[in-house]
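Heads up, the thing below is written out as structure tokens.
All figures in this text were calculated on a predicted structure; none of them were measured in a lab. All residue numbers in this chain count up from 1 along the given sequence.
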Amino acid sequence: MSFFGEIAKSFSPDLPSNLDDMNAHLEFILPKVVPYGEDLRETNFWIGKRWLEVRDEEGFHEAILHVFYEGGEYMLSIDGNLMKGTWKQLGEYNSLVLEISGKGELFDVRFMNRDFMVLTKHGDQGRKGQRKYFTMVHEPVAKHQGGYLDWRNVMEKLYNVWRENSISIWAWLFFLILIGAIVYAST
């Protein structure tokens, strides 16, 4: 993390401790980070990268990687076992169609930057027992001591997107107040 990132973290509040699961974390974090996100048209943020799927389910230990290639090729790796499919953007919408083994799914991009991609499956996925968010992290961001970070640490890193960007707003505000104070004191 950068020097300014550390400053931002010290001035920003921690994630609330009453957030029970990954859905609750994302409901809290997404409204804060969405202004700092990109969209699917900016392919340099997501094409050709190894995206590690993140889940909070008990007993979820698979390493699931998703790779999107130019031209619509999609590769899914589950613990190194590969399946090929296709992807396409739905018109001008920030929506992604994934097809694998004859099954297609429509996802809307909720947040994406160079390190995170959070999708929601189109429709009412918030029902009991269904996963609301499809969350992926760029694999190098999730690596930790020969393994991967757990979902809570990934959520902390996602929250840091807001922390690191919000410091710039406070820095500008502080700078403007300082300039105003100098101008006022010099008159």
Side-chain angles (χ1 to χ4, degrees), residues 1-38 40 42-69 73-85 87 96 98 100 107 109-121 129-168 170-171:
M1 187 180 291
S2 70
F3 173 71
F4 290 110
E6 288 295 327
I7 292 171
K9 190 173 180 179
S10 66
F11 285 110
S12 299
D14 289 331
L15 276 168
S17 59
N18 64 339
L19 301 174
D20 296 329
D21 59 12
M22 200 162 85
N23 281 347
H25 277 77
L26 288 166
E27 293 291 331
F28 179 80
I29 296 169
L30 284 174
K32 293 174 176 14
V33 298
V34 163
Y36 309 109
E38 310 300 336
L40 290 175
E42 298 171 272
T43 57
N44 60 309
F45 285 95
W46 62 286
I47 296 289
K49 295 171 95 172
R50 293 165 56 129
W51 292 99
L52 180 71
E53 189 169 330
V54 180
R55 296 186 192 175
D56 65 348
E57 299 167 6
E58 280 296 317
F60 175 74
H61 301 292
E62 293 86 7
I64 300 177
L65 288 176
H66 303 265
V67 184
F68 306 91
Y69 294 102
E73 184 184 351
Y74 167 67
M75 185 176 64
L76 174 65
S77 168
I78 302 174
D79 288 333
N81 298 313
L82 297 176
M83 291 187 281
K84 289 188 175 192
W87 70 266
L96 191 62
L98 297 181
I100 198 158
F107 295 96
V109 176
R110 290 293 308 274
F111 176 75
M112 182 183 68
N113 71 0
R114 70 180 184 276
D115 296 330
F116 298 95
M117 188 184 298
V118 180
L119 310 172
T120 53
K121 190 170 177 182
Q130 287 189 325
R131 186 167 55 138
K132 184 173 182 179
Y133 296 100
F134 177 27
T135 306
M136 296 176 283
V137 61
H138 187 210
E139 187 183 31
V141 173
K143 288 200 177 217
H144 179 70
Q145 298 177 351
Y148 295 116
L149 295 172
D150 69 355
W151 70 269
R152 290 181 193 278
N153 288 315
V154 171
M155 292 298 102
E156 188 74 31
K157 285 186 173 279
L158 179 58
Y159 189 55
N160 285 340
V161 170
W162 173 72
R163 285 177 170 157
E164 291 170 7
N165 283 291
S166 66
I167 190 64
S168 62
W170 289 108

Angle between ring planes, His66 versus Phe134, binned at 30° and 60°: parallel, tilted or perpendicular?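 Correct class here is perpendicular.
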Does [X] reach the side chain of [Y], with side-chain heavy atoms less than 4.5 Å apart?
X: Lys32; Y: Tyr159; value: yes
X: Leu26; Y: Met155; value: yes
X: Trp51; Y: His138; value: yes
X: Ile78; Y: Met83; value: yes
X: Lys84; Y: Tyr74; value: no
X: Trp162; Y: Ile29; value: no
X: Arg152; Y: His25; value: yes
X: Phe116; Y: Val154; value: yes

Let me confirm one number: the [atom1]-[atom2] distance from [X] to [Y], rounded to the nearest 0.5 Å.
X: Leu30; Y: Thr135; atom1: CG; atom2: OG1; answer: 8.0 Å
X: Met117; Y: Leu96; atom1: CE; atom2: CG; answer: 7.0 Å
X: Leu40; Y: Phe107; atom1: CG; atom2: CZ; answer: 12.5 Å
X: Asp115; Y: Leu158; atom1: CG; atom2: CG; answer: 9.5 Å
X: Phe68; Y: Glu73; atom1: CZ; atom2: CD; answer: 12.0 Å

Taking NZ, NE, NH1 and NH2 as the nitrogens, is one of them in Arg114 or Glu42 under 4.0 Å from a carboxylate oxygen of the other?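 Looking at Glu42 together with Arg114, the answer is no, because their closest N to O distance does not fall below 4.0 Å.
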Using the salt bridge (charged side-chain N to carboxylate O under 4.0 Å, His left out) rule, collect all pairs that involve residues 54-69, keeping only residues at least two apart or in two chains.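 Residue pairs passing salt bridge (charged side-chain N to carboxylate O under 4.0 Å, His left out), neighbours aside: Glu53-Arg55, Arg55-Glu57.
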Is it the case that over 12 heavy atoms from other parts of the model lie below 6.0 angstrom from the NZ atom of Lys157?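 Atom NZ in Lys157 is not crowded, with 12 or fewer foreign heavy atoms closer than 6.0 Å.
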Asn160 side chain vs Arg163 backbone, donor-acceptor pair below 3.5 Å: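 Absent.
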